[in-house]
Structure formats: C-alpha cells, structure tokens
Amino acid sequence: MAERPEGSSRKPLGLRERLMRQLWLALALLFVGLGSAGVVLPLVPTTPFLLLAAYCASRSSPALHAWLYSHPRFGPLLRNWRDHRAIPRRTKLLGIALIAASWTWMWITVEPLYLRLTVTAFMAFGVVFLATRPNGPSDERSDDE
C-alpha cells in the first residue's frame, strides 16, 4: 500500500466508497454530455442536466465540479441557480412553451382520461415551479436599464 504524506488525515477509501465515487463520476460525465447536447439540440434541456452533473461531480470529483462552475458557457447557469435559485426568463419561457406543446400533443394522442388528467397535474406543477422562480440578477439589471 502506498504511503500517505505526513500529516495527511485522509484515510484510504474502501472498495465500496471507490465504486460509489466512480458511479457518481460516471453519472456526472453522462449528465455533462447530455447537457452539452442540449446546447445544440433544440428539444434537449441543458440546465437540468448540468445541475445533475454538478451534484454528481460534487460527490465524486472536485476538479470536475470546479470546471463546471468556471466553464464560460455552463458556469453562469450553475452559479445563478446556486447563488439565487434563479432561472433566466428566456429559459423559463422556453420551458413553459415546451410543456404547453407537450400537453397539447398528449391531450390529442393519449386516450384514457385519467392518464391525461394525471399528466396534466404533473405538467401544471412544472409550469408553476418555473413561473415562480426568480429571473436572477442578470435579468433584473437589464429590466432596470
């Protein structure tokens, strides 16, 4: 077994802990990939996948976690959520529009009424959640100007 530097208080990780860290890292990388795809694909969301990636990276890789928060494209979204629990207005409007389009398609194509009503309730929860989040400091500054 390799020696640790003197004064190091970290104990070696057991097999279970190493496997869990690798699982968290694999999930983080998967979510970074899905979030990256969302930058260029119109119907794939970016922000939720990046939030999941940041969470998974915080449990597995401090370097990946720091990279996500300092990334020029992803960092502002993550910092806005972390610091203000805010979603930019453009993102909220796009999310609500996509939920409305999905709801319309579901209402036309899904037959059982109980299923339509159940899915409608979940979608309504999503719309309320999006609508009640603040826009964030960047949007507030542009509103005042």
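- In the hydrophobic clustering of this structure, F125 does not group with F122; members are Ile, Leu, Val, Met, Phe, Trp, Tyr whose side-chain heavy atoms approach within less than 4.5 Å, directly or through other members.
- In this structure, the side chains of I87 and W81 come closer than 4.5 Å at one or more pairs of heavy atoms.
- Here the CZ-NZ distance, from F129 to K92, works out to 10.0 Å after rounding to the nearest 0.5 Å.
- The shortest distance between side-chain heavy atoms of L50 and H71 does not fall below 4.5 Å.
- Counting heavy atoms from C-beta outward, L29 and L25 have side chains that approach closer than 4.5 Å.
- The list of side-chain hydrogen bond (donor to acceptor under 3.5 Å, both in side chains) pairs with a residue in residues 49-66, not counting sequence neighbours, reads Y55-R59.
- In this structure, L77 CG and L68 CG are separated by 11.0 Å, a value rounded to the nearest 0.5 Å.
- In this structure the side chain of V119 never reaches within 4.5 angstrom of the side chain of V110, judged on heavy atoms.
- Take W103 and apply the ring-ring contact (aromatic ring centres under 6.0 Å, His included) test, not counting sequence neighbours, and it matches W107.
- L30 is not connected to L19 by any chain of hydrophobic side-chain contacts under 4.5 Å among Ile, Leu, Val, Met, Phe, Trp and Tyr, and they are in different clusters.
- Under the 4.5 Å side-chain contact rule for hydrophobic residues, I96 and V128 do not share a cluster.
- Taking the six-membered ring for Trp and thresholds of 30 and 60 degrees, F49 and F31 have nearly parallel ring planes, at less than 30 degrees apart.
- In this structure, L130 CG and I99 CD1 are separated by 5.0 Å, a value rounded to the nearest 0.5 Å.
- Enclosure of atom CZ in R73 is not indicated, since only 12 or fewer non-hydrogen atoms of other residues, nucleotides or ligands lie within 6.0 angstrom.
- Between the CE atom in M123 and the OG1 atom in T118 there is a gap of 12.0 Å [rounded to 0.5 Å].
- A distance of 11.0 Å separates CG in L52 from OG1 in T47, rounded to the nearest 0.5 Å.
- Closest heavy-atom contact between A28 and A57: CB-N, 3.7 Å.
- Placement of W105 and V44 in two distinct hydrophobic clusters is found when ILVMFWY residues are connected by side-chain heavy-atom separations under 4.5 Å, directly or transitively.
- Side-chain contact between H84 and P137 is present, with at least one heavy-atom pair separated by less than 4.5 Å.
- When side chains are defined from C-beta on, L51 counts as touching L78, because their heavy atoms get closer than 4.5 Å.
- Residues R85 and N80 form no side-chain contact, since every pair of their non-hydrogen atoms from C-beta on lies 4.5 Å or further apart.
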